[in-house]
Amino acid sequence: MTKTIFDGWIFEHVQYKAAFDALVEEIERVLDGATPIIFPLLGDSRAGKTALLKDLDAHFANRISESGHRKIILVPMPSTASNEALAIQIITTILGDIPVKGKSHEIIKQARKTMETAGVLVLLIDETNHLVEKRSSERAQTKENRHAADFFKELADLSGISVVVAGLSHVIRMYADNDQLENRGLVGARIEPYAWSVIEDRLQFQSMVLAGITHLQDHGWKIDVETEFLTRAAYLGGGGYIGKARDFLVRIEEVGHKRKCLDHELLSRAYKDKYKRNPKDKADPLAQRTIDDVQLNGAHRDALERALRSGRGMH
């Protein structure tokens, strides 16, 4: 994968910091002997959940158990999402790339025992939504949801291991499949898109884009686009999500790294590369070089509606 100047560049925004601080506080309580918890970290795609988990993983890197293993481990969800695949991923994260064999329930039990022996107290799981099936009805319990809920409940109840489950909004549905898990679980944290109509949110989003422009300039870029227009373009495409705005900046750098000049032509190309065109837009939304508040408020509503559909389990 080609590196860009934005690799490793992090802009700490208000919602990100609030979620990070809440998780640090809860994890510290667990490390001090508090009751195990299930903590959902929710947000739409590119909201910043993965980056937050990685920062948590780094923050607690020096918390080592008596066995010499880390007390907090980060495990990405395997592509073949299932309790068994997740259990194998947990085992190999702790013990290295070793063969794991056995029946599904045996492997799941082995993962739990491996964490107990290693002294793991907190499990951070990314992309949990792949494990928890969507469904269109609150009453329609699925086997996948029930098994996922049972697995996390057993980690807490039998092994004293807390779990941070990060993913799309429908992850929370596994609570409905297990009353005991719901009692164990916390409300958690949610990373939402910033609202253009709220002045504090708008300023937060603008400061991120300005920081990105400064980062480009620090690397020799010439900026021939008005900062306000660039900010509005980034918001229009991403609906107020900081992660999506960062992706937009990355695409600008990828496309224009040879000339290092951000003009309207490059901006339009990066926008078309990165964002799907709204069917309602008959023309290039950047062609007129004016993006009004009505368009931006509409982009924010669209982002919220996508998150709501995800939470309801609708495609």
Side-chain angles (χ1 to χ4, degrees), residues 16 19-20 22-24 26-27 30-31 36-61 63 69-95 100 104 107-116 118-134 142 144-175 177-178 181-182 184-191 310-311:
Y16 182 96
F20 181 84
L23 274 162
V24 167
E26 293 298 336
I27 291 173
V30 168
L31 295 178
I37 59 169
I38 307 295
F39 191 108
L41 174 62
L42 307 177
D44 200 2
S45 176
R46 301 304 296 143
K49 303 181 297 297
T50 298
L52 196 152
L53 290 183
K54 288 180 178 178
D55 282 352
L56 279 174
D57 186 52
H59 181 82
F60 289 104
R63 303 300 182 92
H69 292 89
R70 295 178 59 166
K71 292 183 178 181
I72 296 92
I73 62 171
L74 171 59
V75 178
M77 183 61 61
S79 56
T80 55
S82 67
N83 280 355
E84 179 182 340
L86 176 60
I88 293 173
Q89 189 87 325
I90 291 170
I91 294 168
T92 55
T93 296
I94 297 171
L95 301 180
V100 181
S104 180
I107 293 174
I108 292 170
K109 183 177 180 180
Q110 183 182 346
R112 188 161 50 80
K113 292 298 182 182
T114 299
M115 283 190 283
E116 289 178 7
V120 173
L121 292 179
V122 182
L123 175 64
L124 312 174
I125 307 178
D126 198 9
E127 302 290 354
T128 316
N129 46 280
H130 295 313
L131 186 64
V132 180
E133 290 291 306
K134 291 185 179 183
T142 68
E144 291 82 2
N145 288 353
R146 186 174 63 253
H147 286 176
D150 287 344
F151 181 35
F152 297 143
K153 175 182 174 293
E154 288 177 0
L155 287 177
D157 290 351
L158 301 181
S159 303
I161 297 171
S162 296
V163 186
V164 175
V165 288
L168 302 180
S169 297
H170 72 266
V171 164
I172 204 69
R173 289 190 174 279
M174 67 182 175
Y175 279 2
D177 289 341
N178 193 310
L181 181 68
E182 185 173 13
R184 177 74 79 198
L186 299 179
V187 172
R190 185 185 298 269
I191 304 178
S310 172

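Basis for what follows: all heavy atoms, side chains included, without hydrogens, waters or symmetry-related copies. None of the values given here were measured: they were computed from a predicted structure. Along the sequence shown, residues carry numbers from 1.
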Quick check: do Ile38 and Leu155 have side-chain heavy atoms less than 4.5 Å from each other?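 With C-beta onward as the side chain, the pair stays apart.
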
Are the side chains of Leu56 and Leu74 in contact, using a 4.5 Å heavy-atom criterion?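 Not touching, per the 4.5 Å side-chain cut-off.
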
Hey, is the main chain of [Y] close enough, under 3.5 Å, to the side chain of [X] for a donor-acceptor pair?
X: Thr92; Y: Gln89; value: yes
X: Lys49; Y: Leu41; value: no
X: Arg112; Y: Ile161; value: no

Looking at every heavy atom in both [X] and [Y], which two are closest together, and how far apart are they?
X: Ser159; Y: Glu116; answer: OG-OE2, 2.5 Å
X: Ala166; Y: Leu53; answer: CB-CD1, 3.7 Å
X: Ser162; Y: Val30; answer: OG-CG2, 3.3 Å
X: Leu52; Y: Phe20; answer: CD1-N, 3.8 Å

If I take atom [atom1] from residue [X] and atom [atom2] from residue [Y], how far apart are they, to the nearest 0.5 angstrom?
X: Asp157; Y: Lys153; atom1: CG; atom2: NZ; answer: 4.0 Å
X: Met77; Y: Glu127; atom1: CE; atom2: CD; answer: 8.5 Å
X: Leu121; Y: Leu123; atom1: CG; atom2: CG; answer: 11.5 Å
X: Leu23; Y: Ile37; atom1: CG; atom2: CD1; answer: 7.5 Å
X: Phe151; Y: Leu86; atom1: CZ; atom2: CG; answer: 5.0 Å
X: Ile90; Y: Leu95; atom1: CD1; atom2: CG; answer: 11.5 Å

Looking at Asp57 and Arg70, is there a salt bridge between them, counting it only when a charged N and a carboxylate O are closer than 4.0 Å?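 Here Arg70 pairs with Asp57 in a salt bridge, since their nearest N and O are under 4.0 Å apart.
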
Test ring-ring contact (aromatic ring centres under 6.0 Å, His included) applied to Tyr16 - qualifying residues, sequence neighbours left out: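 Result, ring-ring contact (aromatic ring centres under 6.0 Å, His included) vs Tyr16: His13.
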
Please lay out, stage by stage, how Phe60 and Val122 fare under the test side chain to side chain contact (heavy atoms under 4.5 Å, CB included). CA-CA 10 Å; Phe60 289 104; Val122 182; over 6 Å; no

Apply side-chain contact (heavy atoms from CB on, under 4.5 Å) to Ala85 and list each qualifying residue two or more places apart in sequence or on a separate chain.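 By the side-chain contact (heavy atoms from CB on, under 4.5 Å) rule, Ala85 matches Pro78, Thr80, Ser82.
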
Step by step, would you call His69 with Val120 a side chain to side chain contact (heavy atoms under 4.5 Å, CB included)? CA-CA 7 Å; His69 292 89; Val120 173; 5.5 Å; no

Could you walk me through whether Val164 and Glu26 pass side chain to side chain contact (heavy atoms under 4.5 Å, CB included), step by step? CA-CA 10 Å; Val164 175; Glu26 293 298 336; over 6 Å; no

